[in-house]
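Here's the structure, in C-alpha cells; my notes come after.
Whatever order the structure lists ligands and atoms in, that order sets their numbers, starting from 1.
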Amino acid sequence: MPFNLDPLNPFPFYSIMRKRSPVYFDEKSEIWNVFSYTDVRKVLWDYKNFSSEFEMDGILKGTIINLDPPAHDKLRALVSDPFSPNNVGQLSNRIKDIVNEILNNVKGNEIDIISELAIPVPVRVIANLLGLREEDLWKFKDWTDSLVGVNDYSTDKITELIEYLSEIIAERKTEPKKDLISLLLCSTVDGEKLTEKQLLGFIVLLLIAGNETTTNLIGNGVLTLLENKNSLYELKKDKQKMTTAIEEILRYRSPVQGMFRVAKNDVELSGKKIKKGSAVLAWIGSANRDENQFPNADKFIIDRSPNPHLAFGSGVHTCLGAPLARLEGKIVLSTLLERFSNMELVDQRLEPITNGLFYGVKSLKIYIS
Ligand code: HEM
C-alpha cells in the first residue's frame, strides 16, 4: 500500500486524512488520493470526468474494467446474464459440496482458513462455472496463483493459461455444454457477439477480479467474527443475520481498499483542482469507515442497516461478481458455524497480504471443534 500505510490497520490514517486533507495530491507518486465517502462515490460514479480507460498492458487491456460507456455498457451487456443473482443462486448446492468436501478432509483440530478454504473455494467455483475438467484443476490453480500480485498481465504462465482456455473455447464451439464459456459463445446484443479476444480477456478478468477478492472476504469474515464473539453467537442463534453480516464484513474490512481512475477533464473535487490526465485513487476502505456516512464507523455492527458500503464499487463498474462473492461468503461462514461449536484463533500475530490495494491476511490458523 502507498504512504507506508499499516497494511493491517490503515484506518487511523484514513481518519486523519478525511479530517485534514480529504482530497490529497501525493507529490512522490503524483497521484490524487480521495478519502471521504461522498468524494469516493463521486469518482466511481462520474465516468465522464474520472475514466477507467488508463494504460493497461496485456490481456486486460480493453476488457470491461478498462472501458468507459458506451463501449463498456455494450460489452458488459454481453457477459452479464450468467452473473445475475438468479443464475448464480443455482450454484448454491455445488458450492456447499465444495466447502463440505474441503472440511471433511481436514485432519485434526486446526485449519488454516486462508490456504485450506478461502483460496481453494473461489478457484474451484470459478473452474466449475467455466466447465473445466476436474483433472485440470491443479494446473488451473497454478495458473491462477500466478495471476495474484502480478502487474504485468503478459507473463509465460498467462500465455499458458490463454493457450489452455483457447483449446477449451475451440472444444465448446464444436460441442457446446451447459457452462459459462458455451453461454458466452452464443451471447448476442444487437446482433453482435464477443470476439475470441474479448472472451479470453473477460475470462482472465474474472480470475483476477474474482479469486483473491473472495479469498479476502472469507478470511476477513472469519477473523472479524472471531474478534467479535458476541456477533458470532448472535449469528449462530439467528441465521437470518447472515445477509447483513456479510455486508458489514465487506464494509468493515473491505477486500479491495482502493480503485484507480484517470481525470478525463480538468475537474474540481472538494475545492481541489485536478488536471486532465492525472491519476486518481479512490480509497474505498476509507469511504467505508467515514463517520459522516456510517454512525460508529469503526465498530462492527452485525445488523447494520442501511449499509450503503462501496466495497463492490459504485456506478457502471459495480462488481459483476457481487452476487457470486456474497453467496460464497454466506455458504462458507454458515457451514463453519453449523459444523463447529468452537472456533478460536491459534496465533494472534497476523501477517497482512502485500498485494497492492487488496486487503487481507496471509494465513489464519484457527482451532476448530
Ligand atoms: C468480495 C469479493 C469481491 C470484491 C470486494 C470485488 C470488488 C470489485 C470492485 C470494487 C469492482 C469495481 C471496479 C471499478 O470500479 O473499476 C469490481 C468489478 C468487477 N468485479 Fe468484483 N469483487 C469481488 C468479487 C468478484 C467475483 C467473484 C467476480 C467474478 C467471478 C468479480 C468480477 C468483477 C468484474 C468482471 C468487474 C468489472 C465490472 C465492470 O467493469 O463493469 N468480482 N469488483
Side-chain angles (χ1 to χ4, degrees), residues 34 40-47 50-54 56 59-60 62-85 87-88 91 95 118-119 121-130 144 147 180 184 198-199 201-221 246-262 280-285 287-288 309-333 355-360:
V34 179
V40 168
R41 190 166 179 278
K42 182 169 166 44
V43 170
L44 297 176
W45 257 91
D46 183 4
Y47 61 82
F50 300 100
S51 166
S52 293
E53 293 185 350
F54 42 83
M56 221 178 237
I59 186 83
L60 288 188
T63 58
I64 47 174
I65 207 152
N66 188 219
L67 287 173
D68 296 333
H72 166 273
D73 298 0
K74 206 168 158 191
L75 202 51
R76 180 150 168 156
L78 274 167
V79 296
S80 289
D81 200 41
F83 292 91
S84 69
N87 286 334
V88 159
L91 294 171
I95 301 174
I119 291 179
V121 168
V123 175
R124 287 186 60 180
V125 169
I126 200 85
N128 225 263
L129 198 66
L130 291 171
T144 50
L147 293 174
L180 182 65
L184 292 174
Q198 284 172 329
L199 178 53
F202 178 65
I203 296 171
V204 176
L205 172 62
L206 290 182
L207 305 179
I208 292 170
N211 282 341
E212 201 181 353
T213 47
T214 311
T215 295
N216 291 331
L217 166 61
I218 295 168
N220 295 347
I246 291 286
E247 298 311 306
E248 181 65 346
I249 292 163
L250 284 160
R251 181 195 74 81
Y252 186 74
R253 283 201 163 106
S254 307
V256 178
Q257 290 283 302
M259 227 52 241
F260 274 103
R261 294 291 189 266
V262 61
V280 179
L281 178 48
W283 285 97
I284 289 173
N288 285 343
H309 66 75
L310 302 176
F312 289 123
S314 187
V316 293
H317 291 280
T318 299
C319 179
L320 184 68
L324 179 58
R326 286 182 166 116
L327 183 66
E328 288 182 45
K330 277 183 197 170
I331 291 176
V332 170
L333 293 185
N355 180 11
L357 296 165
F358 286 162
Y359 176 77

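No side-chain donor from either of Ser52 and Asn66 sits under 3.5 Å from a side-chain acceptor of the other.
Scanning the protein heavy atoms around atom 40 (O) of ligand 1, the nearest turns out to be His317 ND1, 2.6 Å. Among protein heavy atoms, the minimum distance from atom 34 (C) of ligand 1 is reached at Leu320 CB, 3.9 Å. For atom 7 (C) of ligand 1, the closest non-hydrogen atom of the protein is Ala311 O, 3.6 Å. Given atom 11 (C) of ligand 1, the protein heavy atom at minimum distance is Phe312 O, 3.9 Å. Distance from atom 19 (C) of ligand 1 to its nearest protein heavy atom, with residue and atom name: Cys319 CA, 3.7 Å. With respect to atom 33 (C) of ligand 1, the closest heavy atom belonging to the protein is Ala209 CB, 3.7 Å. Shortest contact from atom 26 (C) of ligand 1 to any protein heavy atom: Gly210 CA, 3.3 Å. If you check which protein heavy atom lies closest to atom 30 (C) of ligand 1, you get Ile126 CD1, 3.6 Å.
When non-hydrogen atoms are compared, ligand 1 lies under 4.0 Å from the backbone of Thr213 as well as from its side chain. Within the 4.0 Å heavy-atom criterion, the part of Arg261 lying near ligand 1 is the side chain and not the backbone.
Heavy-atom proximity to Ala325, at under 4.0 Å, picks out these atoms of ligand 1: 1 (C), 2 (C), 24 (C). Taking every heavy atom of Leu217 and a limit of under 4.0 angstrom, the matching atoms of ligand 1 come to 1 (C). Per-residue contacts place Met259 under 4.0 angstrom from the following atoms of ligand 1 (heavy atoms of the residue considered): 13 (C), 14 (C), 15 (O), 16 (O). Near His72, meaning under 4.0 Å from one of its heavy atoms, ligand 1 places the atoms 39 (C), 40 (O), 41 (O).
Between the side chain of Asp73 and the main chain of Pro69, no donor-acceptor pair closer than 3.5 Å is present. Without hydrogens or angle criteria, Gln257 side chain to Ser254 main chain gives a donor-acceptor distance under 3.5 Å. Looking only at distances, a side-chain donor or acceptor of Ser80 sits under 3.5 Å from a matching main-chain atom of Arg76. Between the Thr215 side chain and the Ala118 main chain, a donor and an acceptor come within less than 3.5 Å of each other. When atom types are taken as modelled, the side chain of Asn220 and the backbone of Ile249 share no donor-acceptor pair closer than 3.5 angstrom. Side-chain atoms of Ser84 come within 3.5 Å of backbone N or O of Asn87 as a donor-acceptor pair.
Contact between Ala311 and Leu250 at its shortest, heavy atoms only, is CB-O, 3.5 Å. Taking each heavy atom of Val262 and Glu53 in turn, the nearest pair found is CG1-O, 4.2 Å.
Annotation: side chain of Leu281 is not in contact with side chain of Val34 (no heavy-atom distance under 4.5 Å). Within the 4.5 Å cutoff, no side-chain heavy atoms of Phe202 are placed close to those of Ile59.
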For this session: Could you give me the CA-CA distance, side-chain angles and deciding distance for Leu184 and Leu180, then say whether side-chain contact (heavy atoms from CB on, under 4.5 Å) is met?
Result: CA-CA 6 Å; Leu184 292 174; Leu180 182 65; 3.8 Å; yes
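Polar contact check, Ser52 against ligand 1: no nitrogen or oxygen pair lies under 3.5 Å apart. Polar contact with ligand 1: absent for Thr214 (N/O pair, distance under 3.5 Å). Distances between N or O atoms of Glu328 and those of ligand 1 include no value under 3.5 Å. Residue Arg76 places at least one N or O, backbone or side chain, under 3.5 Å from an N or O of ligand 1.
At least one heavy atom of Val316 sits closer than 4.0 Å to an atom of ligand 1. Residue-ligand proximity: Arg326 is placed with every non-hydrogen atom at 4.0 Å or more from ligand 1.
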